[in-house]
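In what follows, a structure is listed as structure tokens, so that the remarks can point back to it.
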Amino acid sequence: MDWEKMIAKAESVCNPRELSQSSFAASVGAAIITEQGNIYTGVCIDTPCSMGFCAEHAAAAAMITAGENRILGVVAVHKKEDGSFEVIPPCGRCREFLCQLHDDNYLAQVKLSDRVVTLDDLLPFRWK
């Protein structure tokens, strides 16, 4: 897994901006690599009434739109106020969501700031 390339892809779409007086986008960027070797990216959309979604969801939607659903790896990055990036883990909702898109996605590798784990490691008691 080329984590440097994956992180660079996630950083490339992470461009925080205001969408409206109450909604923001792209403070988090994500990249998913599939079984076919394709990389899909997405950004978060934050709204005040909980209708937004995470960057991993956006990347997964692009993957599904392209006809794929088997994930080999995922990384998310957050752009801090000073302009630097930090690798962050997917939230619990994203972990469960990604697992449910293919029966083997629980084996997908997840890049954390200090190591690589599987979705299963992060979600040992997932909903089935």
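Starting from 1, each residue takes its place in the sequence as its number. Computed from a predicted structure; not experimentally measured.
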message: I'd like to know whether the aromatic ring centres of His78 and Phe85 sit less than 6.0 Å apart in this structure.
response: no
message: Testing the basics here: between Gly73 and Met6, what is the closest heavy-atom pair and its distance to 0.1 Å?
response: O-CE, 3.8 Å
message: Quick check: do Val116 and Val110 have side-chain heavy atoms less than 4.5 Å from each other?
response: no
- request: Report yes or no: do Leu123 and Val117 belong to one cluster of Ile/Leu/Val/Met/Phe/Trp/Tyr joined by side chain heavy-atom distances under 4.5 Å?
  value: no
- prompt: What pair of heavy atoms forms the shortest contact from Trp3 to Val74, and how long is it?
  reply: CZ3-O, 3.6 Å
field: More than 12 heavy atoms of other groups within 6.0 Å of Lys80 NZ
entry: yes
- prompt: Within a strict 4.5 Å, meaning less than it, do heavy atoms of the Cys44 and His57 side chains meet?
  reply: no
field: Over 12 non-hydrogen atoms of neighbours within 6.0 angstrom of CZ in Arg115
entry: no
task: Please lay out, stage by stage, how Leu119 and Leu107 fare under the test side chain to side chain contact (heavy atoms under 4.5 Å, CB included).
output: CA-CA 6 Å; Leu119 277 173; Leu107 299 171; over 6 Å; no
message: Would you say NZ of Lys111 has more than 12 non-hydrogen atoms from neighbouring residues, nucleotides or ligands within 6.0 angstrom?
response: yes
- prompt: What is the distance from atom SG of Cys91 to atom CD of Glu56, rounded to the nearest 0.5 Å?
  reply: 6.5 Å
task: Would you indicate whether the side-chain heavy atoms of Val77 and Ile7 approach each other to under 4.5 Å?
output: yes
Donor-acceptor contacts under 3.5 Å from residues 23-43 side chains, at least two apart:
residue : atom : partner : partner atom : Å
Thr34   : OG1  : Gln36   : N            : 3.4
Thr34   : OG1  : Asn38   : N            : 3.3
Thr34   : OG1  : Asn38   : O            : 3.4
Thr34   : OG1  : Glu68   : OE1          : 2.6
Asn38   : ND2  : Glu68   : OE2          : 2.7
Tyr40   : OH   : Glu68   : OE2          : 2.5

query: Counting heavy atoms not belonging to Glu4, are there more than 12 under 6.0 Å from its CD?
result: no
message: Could you check whether Asp120 and Thr118, counting side-chain N and O atoms only, form a donor-acceptor pair closer than 3.5 Å?
response: no
Verdict with reasoning, Leu72 to Met1, per side chain to side chain contact (heavy atoms under 4.5 Å, CB included): CA-CA 9 Å; Leu72 295 185; Met1 189 82 51; 4.2 Å; yes
Within 6.0 angstrom of Glu81 CD, more than 12 heavy atoms from elsewhere: no
message: Within the structure provided, determine whether Asn105 and Arg70 are in side-chain contact (heavy-atom separation under 4.5 Å).
response: yes
- request: Supply the atom-to-atom distance Phe97 CZ to Arg126 CZ, rounded to the nearest 0.5 angstrom.
  value: 15.5 Å
task: With rounding to the nearest 0.5 Å, note down the distance linking NZ in Lys79 to CD in Glu86.
output: 13.0 Å
- line: Rounding to 0.5 Å, atoms CG (Leu19) and CG (Asp46) come to a distance of 9.0 Å
- prompt: For the residue pair Pro90 and Arg95, what are the closest heavy atoms and their distance?
  reply: O-NE, 2.7 Å
